[in-house]
2 protein chains.
Amino acid sequence: MTRELPTSLLMFIASRAAGDRIFRAVHEAGFDDVTIAQSRLMMGIDTEGTRLSVLAERAQIAKQTATALVDKLERAGYVQRVPDPSDGRARLVRMTPRAEAALPTARAEEDRIEAEWRAHLGAERMNQLREALTALREITDPYLLGSQ
Amino acid sequence: MTRELPTSLLMFIASRAAGDRIFRAVHEAGFDDVTIAQSRLMMGIDTEGTRLSVLAERAQIAKQTATALVDKLERAGYVQRVPDPSDGRARLVRMTPRAEAALPTARAEEDRIEAEWRAHLGAERMNQLREALTALREITDPYLLGSQ
DNA sequence: CTACATTAGTTCGATCATGGGACCAGTCTA
DNA sequence: TAGACTGGTCCCATGATCGAACTAATGTAG
């Protein structure tokens, strides 16, 4: 008699599979010098640029870790640090054209996964799934929770 | 205009929140010398004991990584290696009483999360969610996929 | 306007996680 | 029995992670 798998573990399985695929697709497109931790950090960068401390908060890591990741991303030419005009202490982390060039690949793979899942579940169940997951963010997303 | 969050990311958010909570609960119960990677590995151990290579496969890590994790878990008294009677090369990784003592805490927190989610979504949507996630395993779970 | 507290970011140093490559000792097979 | 295969380990290099302490800029109370 096996214990039922927790819902969170079911989510982990699927999200990990998706993450791996996106990561592999980006690698195969030639951007093979980014790691998962680095790309997760990059996902938090807005188009105008984002402060390091905000990136750390979004990725749920310490500032020192974010510093180290940005260092490597900068050396690899994916991001650059520019002064923040509104605060002399701060700097904004911005994507370079190289990082922007990688985005379409990632998005395309995301879309492909999304389509496969929809095909497997059917439109109805897929919509219910997304709807339930979105509702769950209200009590699980630290970013949403922090800003309310 | 923001792009809709991918379904896999929605799953990541919730599963990460749950994982963090379970991890913290176990820590606060006194088992504060286990790391996340180590506990993920432990989750793959069956009651009779499990081979290291199987654990590595389940956790999707290399054998060397599993060796290192088991080393630490063994030193901390959570697991032990016993010879595998059916194969002289192999050894079985088994949980010690200490690890078993931590299980109820983890399960209790899991159940609590599960209950909170059910309360937030309602029974109907929660069931649909679990059902959809379970169906998705058919195309995303490397363990299921490998054994078919 | 000055002194003190706060904040953004960095550096140092320690520990854990991870996997490539090489290796040994059992096991299986032709 | 020889050679292929498999389970596991060791060595080693790299990445990720964070506590603690620090610098520089900003904000604030008096």
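Since we're looking at a predicted model, the values are computed, not measured. When reading the values below, keep in mind they use all heavy atoms of this one structure, side chains included, and skip hydrogens, waters and symmetry mates. Residue numbering restarts at 1 for every chain, and letters A, B, ... go by the order of the sequence lines.
- Residues A:Met42 and A:Val93 form no side-chain contact, since every pair of their non-hydrogen atoms from C-beta on lies 4.5 Å or further apart.
- Judged as a side-chain hydrogen bond (donor to acceptor under 3.5 Å, both in side chains), and not counting sequence neighbours, the contacts of A:Asp87 are A:Arg89.
- Evaluation of the side-chain hydrogen bond (donor to acceptor under 3.5 Å, both in side chains) rule for A:Thr7 yields B:Glu114, B:Arg130 as partners, not counting sequence neighbours.
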Do A:Arg91 and A:Val82 pass the side-chain contact (heavy atoms from CB on, under 4.5 Å) test, and can you show the C-alpha distance, the side-chain angles, and the key distance before you say yes or no? CA-CA 5 Å; A:Arg91 301 204 269 169; A:Val82 300; over 6 Å; no
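- Contact check, A:Thr67 against C:dT10: a side-chain N or O comes under 4.0 Å of OP1 or OP2.
- One cannot find a donor-acceptor pair under 3.5 Å joining the base of C:dG13 and the side-chain atoms of A:Gln64.
- Taking every nucleotide of DNA chain D with any atom under 4.0 Å from a non-hydrogen atom of chain B, the first and last of them, 5' to 3', are D:dT6 to D:dC10.
- Applying the salt bridge (Lys or Arg N to Asp or Glu O under 4.0 Å) test to every pair with at least one member in residues 23-39 of chain B, sequence neighbours left out, gives these pairs: B:Asp33-B:Arg98.
- Its side chain within the 4.5 Å cluster rule, A:Ile36 clusters with A:Phe23 among the Ile, Leu, Val, Met, Phe, Trp and Tyr residues.
- Atom C1' of nucleotide C:dA17 and atom CG of A:Leu69 are separated by 14 Å, given to the nearest angstrom.
- Fit an axis to the five pairs at each end of the helix from C:dC1-D:dG30 to C:dA30-D:dT1 and the two axes sit 30° apart, to the nearest 10 degrees.
- As a whole-Å value, the separation of A:Ile61 CD1 from C:dA17 P is 17 Å.
- Evaluation of the salt bridge (Lys or Arg N to Asp or Glu O under 4.0 Å) test over residues 71-81 of chain A, restricted to residues two or more places apart or in two chains, returns A:Asp71-A:Arg81, A:Glu74-A:Arg81.
- What separates CG of B:Leu73 from P of C:dC16 is a distance of 11 Å, to the nearest Å.
- In plain terms, the two heavy atoms of B:Thr140 and A:Ile13 that are nearest each other are OG1-CG2, 4.1 Å.
- Under the rule for a side-chain hydrogen bond (donor to acceptor under 3.5 Å, both in side chains), the partners of A:Glu116 that lie at least two apart in sequence or sit in another chain are A:Arg21.
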Apply side-chain contact (heavy atoms from CB on, under 4.5 Å) to the pair A:Thr50 and A:Leu92, showing each step before the final yes or no. CA-CA 5 Å; A:Thr50 309; A:Leu92 295 178; 5.8 Å; no
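- Not counting sequence neighbours, the partners of B:Thr65 by the side chain to side chain contact (heavy atoms under 4.5 Å, CB included) test are B:Ile61, B:Ala62, B:Leu69.
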Atom pairs, protein N/O to nucleotides 6-8 of chain C N/O, distance under 3.5 Å:
{"from": "C:dT7", "atom 1": "O4'", "to": "A:Arg89", "atom 2": "NH1", "distance (Å)": "3.3"}
{"from": "C:dT7", "atom 1": "O2", "to": "A:Arg89", "atom 2": "NH1", "distance (Å)": "2.7"}

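- For residues 30-46 of chain A, proximity to DNA chain C is found at no residue, defined as any non-hydrogen atom under 4.0 angstrom from a strand atom.
- Scanning both residues, A:Thr47 and A:Arg94, for their nearest heavy atoms gives O-NH2, 3.9 Å.
- Taking A:Asn127 as the reference, A:Arg118 meet the side-chain hydrogen bond (donor to acceptor under 3.5 Å, both in side chains) condition, with sequence neighbours excluded.
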